[in-house]
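In what follows, every heavy atom counts, from backbone to side chain, and hydrogens, waters and symmetry copies are set aside.
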Amino acid sequence: MFKIGDILMLEPNYTPQKEKFNCMVVEMGTGCFYMDFPIDVETGKIAFLMDGTQFNVKFSNEEQAVYVFESEVLGKVKGRIPMMQLLLPEAETFVKIQRRQFEFTPFRPLTEDISTGGASIRLLKALQFNRFRNYTFGWRLR
């Protein structure tokens, strides 16, 4: 489901604080995976987690679907880089999180000018914006 280089978000179970940590998968094993030391999202500092700490782990795959599964810290490993070993449950236990579907196709603009009055953008493809004209940001198309 996920691979080396993917970013994971860890949320500890059974804690009163709502901590979140980001980490990257650096190696895969049998029944486990290895990640770099997690970074606390709020403070930006490295977190040192105790063996046995249980987490909900979230990740998104190449199709941008978000999945969550439960895991726990199995230990720390010294290698070329310091790593943490986490339990990897069976893929059948992963839960897909339903995300909202948007009614418009995302687009990529090129910023031409930014000022106190707003921003001027150039669209890389021709798009229809009639349905957006009533919103407060108001589109001015050239």
Novice: Begin from the C-alpha positions of Val57 and Glu11 and carry the test side chain to side chain contact (heavy atoms under 4.5 Å, CB included) through to its verdict.
Specialist: CA-CA 7 Å; Val57 180; Glu11 296 179 8; over 6 Å; no

Novice: Grouping I, L, V, M, F, W and Y whenever their side-chain heavy atoms are under 4.5 Å apart, do Val66 and Met9 come out in a common cluster?
Specialist: no

Novice: Are Val77 and Phe48 connected, step by step, through hydrophobic side chains (Ile, Leu, Val, Met, Phe, Trp, Tyr) whose heavy atoms are closer than 4.5 Å?
Specialist: no

Novice: Testing the basics here: between Lys76 and Asp51, what is the closest heavy-atom pair and its distance to 0.1 Å?
Specialist: NZ-OD1, 3.6 Å

Novice: Checking Met35 against Met83 for the side chain to side chain contact (heavy atoms under 4.5 Å, CB included) test, could you report, in this order, the C-alpha distance in whole Å, the side-chain angles of both residues, the deciding distance, and whether it holds?
Specialist: CA-CA 5 Å; Met35 63 179 198; Met83 300 180 286; over 6 Å; no

Novice: Please tell me if the side chains of Leu8 and Val25 come closer than 4.5 Å, counting only heavy atoms from C-beta onward.
Specialist: yes

Novice: Would Met28 end up clustered with Leu10 when hydrophobic side chains under 4.5 Å apart are linked, directly or stepwise?
Specialist: yes

Novice: Would you check if Tyr34 and Leu86 make a side-chain contact, meaning some heavy-atom pair closer than 4.5 Å?
Specialist: no

Novice: Please report the closest heavy-atom contact between Phe21 and Pro38, naming both atoms and the distance.
Specialist: CB-CB, 3.7 Å

Novice: Quick one: ring pair (Phe, Tyr, Trp, His ring centres under 6.0 Å) partners of Phe33, sequence neighbours excluded?
Specialist: Phe2

Novice: For Leu88 and Ser71, run side chain to side chain contact (heavy atoms under 4.5 Å, CB included): C-alpha distance rounded to whole Å, both residues' side-chain angles, the deciding distance at 0.1 Å, then the answer.
Specialist: CA-CA 7 Å; Leu88 179 61; Ser71 184; over 6 Å; no

Novice: Can you check side chain to side chain contact (heavy atoms under 4.5 Å, CB included) on Phe59 and Phe94, steps first, answer last?
Specialist: CA-CA 10 Å; Phe59 70 95; Phe94 291 15; 3.8 Å; yes

Novice: I'd like to check Met84 versus Phe37 (side-chain heavy atoms, cut-off strictly below 4.5 Å). Are they in contact?
Specialist: yes

Novice: Answer yes or no: does atom CD of Glu42 have more than 12 heavy-atom neighbours from other residues, nucleotides or ligands under 6.0 Å?
Specialist: no

Novice: Could you identify which residues cluster with Leu74, counting Ile, Leu, Val, Met, Phe, Trp and Tyr as linked when any side-chain heavy atoms lie under 4.5 Å apart, either directly or through a chain of such contacts?
Specialist: Leu87

Novice: Closest approach of Met24 and Asp36, non-hydrogen atoms and distance?
Specialist: N-OD1, 2.8 Å

Novice: Mind checking whether Val73 and Met50 have side chains closer than 4.5 Å, heavy atoms only?
Specialist: no

Novice: Are Tyr67 and Ile4 linked, directly or through intermediate hydrophobic residues, by side-chain heavy-atom contacts shorter than 4.5 Å (ILVMFWY only)?
Specialist: yes

Novice: Could you grab the distance from atom NZ of Lys3 to atom CG of Asp6, nearest 0.5 Å is fine?
Specialist: 4.0 Å

Novice: Testing the basics here: between Pro12 and Glu19, what is the closest heavy-atom pair and its distance to 0.1 Å?
Specialist: CD-O, 3.3 Å

Novice: Once side chain to side chain contact (heavy atoms under 4.5 Å, CB included) is applied, do any residues pair with Val68, and if so which ones, sequence neighbours excluded?
Specialist: Asn56, Lys58, Val95, Ile97

